[in-house]
J.: 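Just passing along the structure, written as structure tokens.
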Amino acid sequence: MSTLADRLASVQGSIADAARDAGRHPREITTIVVTKFQPTALVAELAALGVRDVGENRHQEAQAKAAALAGLGLRWHFVGQLQSRKARQVRAYAAAIHSVDRGSLVEALRSDEASVDCFVQVNLTDHPARGGVAPDGLEPLVEHVLATPGLQLRGLMAVAPLDEPARPAFARVRLLSERVQRIAPDATALSMGMSHDFREAILEGATHLRIGTAITGNRPEAG
Ligand SMILES: *Cc1c(COP(=O)(O)O)cnc(C)c1O
């Protein structure tokens, strides 16, 4: 059986290979290890292996882990659908929120305190339940984020649809990002690529990968 360290090294090697094939430097790419459902001890082990960026998708779990591991210098990325009534609490520990997808959430995140990095999530499917703003609503939402204190727009986030090849889907995100950069020139980041499609994401310009099981191993059953 491979260890956590083996799997981390193997994924890091594949990321470096894909970056080289894309003519990019691996340092341009931030790997966020998604640790949802995994025990806090595993996150501590990742930190000991040099991981700095971790991702969670449920507020209560993220908040508890962030509190337990405060002092390890981890940056917590919130990658799941976020209810507006939990937005303020997530701000308190998150370095970045990858799932900004509607105006009511932007309002809930409004703050005069230090800015939190955020990504506008785009929905690449026709199913609203998958999360993310539909492409035709993208510019108004981006303008809303730009006009709201306490939010620093970094770029776009997307999850590849289940029923089509990942690479053309990621290429669509890259085109949407070019559209967004006309009104938000600094919003150049692209949060895309998971365990099964991070290579395709890197080839299409991903700057932030969100990788879970390829590094952590299978997730324990959702409790
Ligand atoms: C769980 C999750 C990931 C990681 O998925 P893996 O397939 O385990 O790599 C990435 N992004 C989001 C939004 C997730 O919920």
Side-chain angles (χ1 to χ4, degrees), residues 2 4 6-15 18 29-40 42-43 45-46 49 51-63 65-66 74-83 86-87 90 93-102 105 116-125 127-133 154-167 169-170 172-173 176 189-223:
S2 62
L4 188 63
D6 293 337
R7 291 189 300 266
L8 178 63
S10 160
V11 168
Q12 284 169 338
S14 302
I15 292 169
I29 298 168
T30 300
T31 301
I32 299 157
V33 183
V34 177
T35 51
K36 62 189 182 197
F37 303 124
Q38 300 289 354
T40 301
L42 181 139
V43 189
E45 213 183 317
L46 286 166
L49 292 168
V51 167
R52 282 295 159 263
D53 292 272
V54 291
E56 290 283 336
N57 72 340
R58 296 192 305 182
H59 162 58
Q60 275 183 316
E61 182 181 342
Q63 185 182 45
K65 286 176 178 169
L74 290 168
R75 291 168 45 88
W76 295 86
H77 296 254
F78 195 85
V79 303
Q81 292 188 23
L82 179 52
Q83 293 173 313
K86 299 194 175 149
V90 170
Y93 58 81
I97 299 173
H98 292 242
S99 44
V100 174
D101 63 355
R102 61 196 188 282
L105 179 57
V116 64
D117 281 355
C118 71
F119 295 77
V120 165
Q121 182 179 354
V122 221
N123 189 345
L124 300 177
T125 75
H127 312 293
R130 301 271 301 166
V133 64
R154 296 293 313 280
L156 299 183
M157 180 276 223
V159 177
L162 297 170
D163 51 1
E164 61 175 290
R167 184 144 182 202
F170 291 144
R172 269 150 61 207
V173 183
L176 291 170
L190 287 176
S191 168
M192 58 190 194
M194 308 178 14
S195 289
H196 297 293
D197 55 24
F198 65 82
R199 178 179 169 84
E200 290 82 357
I202 291 168
L203 294 174
E204 293 299 338
T207 61
H208 291 69
L209 311 173
R210 309 179 312 271
I211 302 180
T213 49
I215 294 173
T216 62
N218 285 336
R219 282 185 276 273
E221 289 300 306

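When reading the values below, keep in mind they use all heavy atoms of this one structure, side chains included, and skip hydrogens, waters and symmetry mates. Counting starts at 1 for both ligands and their atoms, following the listed order.
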J.: Please determine, by modelled atom types, if Thr125 and Asn123 share a side-chain donor-acceptor pair under 3.5 angstrom.
T.: yes

J.: Show the distances, to 0.1 Å, for all pairs joining an N/O atom of ligand 1 and a protein N/O atom that are shorter than 3.5 Å, listing one pair per line.
T.:
| residue | atom | partner | partner atom | Å |
| --- | --- | --- | --- | --- |
| ligand 1 | 8 (O) | Thr213 | N | 2.9 |
| ligand 1 | 8 (O) | Thr213 | OG1 | 3.2 |
| ligand 1 | 8 (O) | Arg219 | NH1 | 2.9 |
| ligand 1 | 8 (O) | Arg219 | NH2 | 3.3 |
| ligand 1 | 9 (O) | Ser195 | N | 2.9 |
| ligand 1 | 9 (O) | Ser195 | OG | 2.5 |
| ligand 1 | 9 (O) | Gly212 | N | 2.8 |
| ligand 1 | 11 (N) | Arg210 | NE | 2.9 |
| ligand 1 | 15 (O) | Lys36 | NZ | 2.7 |

J.: Do the side-chain N and O atoms of Glu56 and Thr35 include a donor-acceptor pair separated by under 3.5 angstrom?
T.: yes

J.: Can a side-chain donor-acceptor contact be found between Thr216 and Gln38 if the only test is distance below 3.5 angstrom?
T.: yes

J.: So, do Phe119 and His77 have ring centers that fall under 6.0 Å from each other?
T.: no

J.: His98 vs His208 aromatic rings, parallel, tilted or perpendicular, using cut-offs 30° and 60°?
T.: perpendicular

J.: Ignoring hydrogens and angles, state whether a donor on the side chain of Arg219 or Thr213 is under 3.5 Å from an acceptor on the partner side chain.
T.: no

